[in-house]
Amino acid sequence: MRNRHKFTFIFCYVIADLLAIVGGSLLFLMISEKAPLNEDAFVLNTIIISAICWLISALYFRLYELDHFFNLEGFYRNTWRVLVMQLFLWYSIIFIFQKMIAYKLGNGALLFQLSFLLFYFLLSRVLFAIILEHIKKWIDKPFNVAIWGFNKTSIELASQIETNSLFINFLGIINDNTDFDYKNKEEFNEALCKAIETASKKNIHEMYVVAKSNYITDLNTYFELADNYCMRLKFVPDFSMISKVNFSSRNFNNFHIITPRHEPLQDSYNRLIKRIFDILLSSFVILFILSWLYPLLAIIIKIQSKGPVIFKQKRTGKKNKSFECYKFRSMQMNTISDSQQAKKGDARVTKIGRFIRRTSLDELPQFFNVLLGDMSVVGPRPHMLKHTSDYNEQINNFMVRHFIKPGITGLAQVSGFRGEIKKISDMKRRVNADVDYLQNWSLIKDIKICFLTVINTLLGDDKAF
C-alpha cells in the first residue's frame, strides 16, 4: 500500500475535511443575523475563503503527509493546530472585510460552528484510526519494507519505522548476525549479496542496509544487483561505535554531514517566521502598552531615585557578541551592577523597583531590543558578560545557548528556572532547557511560552524579586 491506496485514502480525507470546514462556515452564517445567504456570490466567496484558509493551514503544518512513513500522533496533533489556524484566518477575514461580509454576529453562531467542527474532527479521527488498524488486511499486495544489519543503529531505525508504518508492511530486521560476526569485507559482501537475492524472493520492495562504512567496497555493485530484482536498496551508515550521544545528519549534494544537534532555526524560512512574530508582538507592546506605561513609570522612577529611567547593561547575545540590554531602572545607582546579580531583599532595589521586578515590568523596554534585532521575544535569557565567562568555564555546553538570539522570556523561565543562581546545578538546568528550546523550536512553542509567561506574571512568581 505505497501509492494508489494511500493517495486515495488521504485524498478522501482531504475532501471530507474541506466539506466539514465549508459546512461549519455556512452553519455559522445561517445562525448569524443579517447574513445575506440569498446572494450566490456571497455564499461562493464564503466557501472559497473557508477552503483556502484550511488548505493554507494544512500546508503550513504539513497535515496530509504523503510519505509512506506516516505518524498518527503527529497527524492528530497537527489536526487541531490546523483547525485553530483556519478559524483564526477565517474570522480575521470576516472582521476585516466588512463590506464583503456585512452582518451582526449571532450569540450562538460561534458555539454551533465550533461544536459541529469538534464533533466532526473527533469522529473522523477515530474512524481514521480504526480504518488504518485494519487497512493492511484489505490490501492484496502490501508494500514490504525490511532492514538488513543487526546493530544499535538498525534497532533504533526499526523502532522509528515500526512507529510510522501505517501505510507499509514492515517485516523488521531480517538477519541476526552482527557486524562482528564477519571476519572480513569479502565475507560481509558475500552475505549482503545473498541477502538481497533472498529478500527479492520474499517479495521485499524496499530494504535498508545498516552497516559500518568500512565494510562497503562498492555501492554500485549492490544497487545494480537490487535493481535487477526490482527492489529499492537504501544504505544507512552505522555510527553507533563512534558517537555516544544523539546527533543530527543531513545531505549536502553528495556529502553526508553530521552535526551534534538538530536546529530548526538554521532554516532561513523558520528564522523569517520567528522574526515576523517578533516584530508584530514587539510593535504591539510598544504601541499599546509602553506608549502610556513608559511615561508613568519614568515619573515614579525619577521621583524615588536619581539616575536615568532606562538601565543599559552589556549582555551576551547571539554568536557571543555583546549588546546593550534595556530595562527600567529598578535599583539605586551603584558600581557593582555589572558583576553582582540581584538577590532576595537586595538593598539596592527601590520601592518601585521591587514592584516592577516582581511583575517583570522592568523587562518591557527589551521589546526595543527585539525591534533592533539584538533580541527575540522568546529565547535564552541574556547574561552579564562576566557571568558568561564564568559559567562557560564550568558548564560544557553553556555557549550552545548563544547560537540563537537571547529572549525576553524563554523555556527555562516558564519551567521554573528563573531568578537568582545559587549553585552551578541551577544554571545547568537552565542551560539544558535553553538547549532543548534550540533543538525543538516551533512557532507554536513560542506562542505557548508567551502565554505561560503572562499567566505566571499574573499569578505571581516567587523567584521574581
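No experiment lies behind these values; they were computed from the predicted model shown.
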Would you please indicate if the ring centroids of Tyr64 and Phe11 are separated by under 6.0 Å? no
Under 3.5 Å, is there a donor on one side chain and an acceptor on the other for Glu206 and Tyr208? yes
Sidechain-backbone polar pair: Arg315 side chain, Ser322 backbone, donor-acceptor under 3.5 Å: no
Give a yes or no on whether the backbone of Gln439 and the side-chain of Arg261 come within a donor-acceptor separation of less than 3.5 Å. no
Distance-minimising heavy-atom pair for Gly149 and Ile173: O-CG2, 3.8 Å
Nearest non-hydrogen partners of Val377 and Asp278, listed with the distance: N-OD1, 3.1 Å
Between Leu411 and Asp434, is there a side-chain heavy-atom distance shorter than 4.5 Å? no
Taking the six-membered ring for Trp and the single ring otherwise, decide whether the centroids of Trp54 and Phe121 are under 6.0 Å apart. yes
Pick out which of Lys274, Gln413, Lys445 makes a side-chain contact (heavy atoms from CB on, under 4.5 Å) with Val378. Lys274
Using every non-hydrogen atom in the two residues, find where Ser50 and Ile21 come nearest and quote the distance to one decimal. O-CG2, 3.7 Å
One should read off an interatomic distance between Lys405 NZ and Phe323 CZ, to the nearest 0.5 angstrom, of 10.5 Å
Would you say the side-chain atoms of Asn78 and Tyr60 include a donor-acceptor pair closer than 3.5 Å? no
Separation of Phe28 CZ from Gln113 CD (nearest 0.5 Å): 6.0 Å
To the nearest 0.5 angstrom, please state how far the CD1 atom of Ile286 sits from the CG atom of Leu281. 10.0 Å
Atom CZ in Phe368, atom CG in Asp374: separation rounded to 0.5 Å? 13.5 Å
If you compare all heavy atoms of Ile356 against all heavy atoms of Arg329, which two are closest, and at what distance to 0.1 Å? CD1-O, 4.1 Å
Is there a donor-acceptor contact under 3.5 Å from the side chain of Tyr76 to the main chain of Arg125? yes
Heavy-atom pair of closest approach, residues Ala146 and Leu171: CB-CB, 4.3 Å
If the plane angle is over 60° it's perpendicular, under 30° parallel, otherwise tilted; pick one for Phe75 and Tyr13. perpendicular
With a 4.5 Å cut-off on side-chain heavy atoms, are Phe328 and Ile352 touching? no
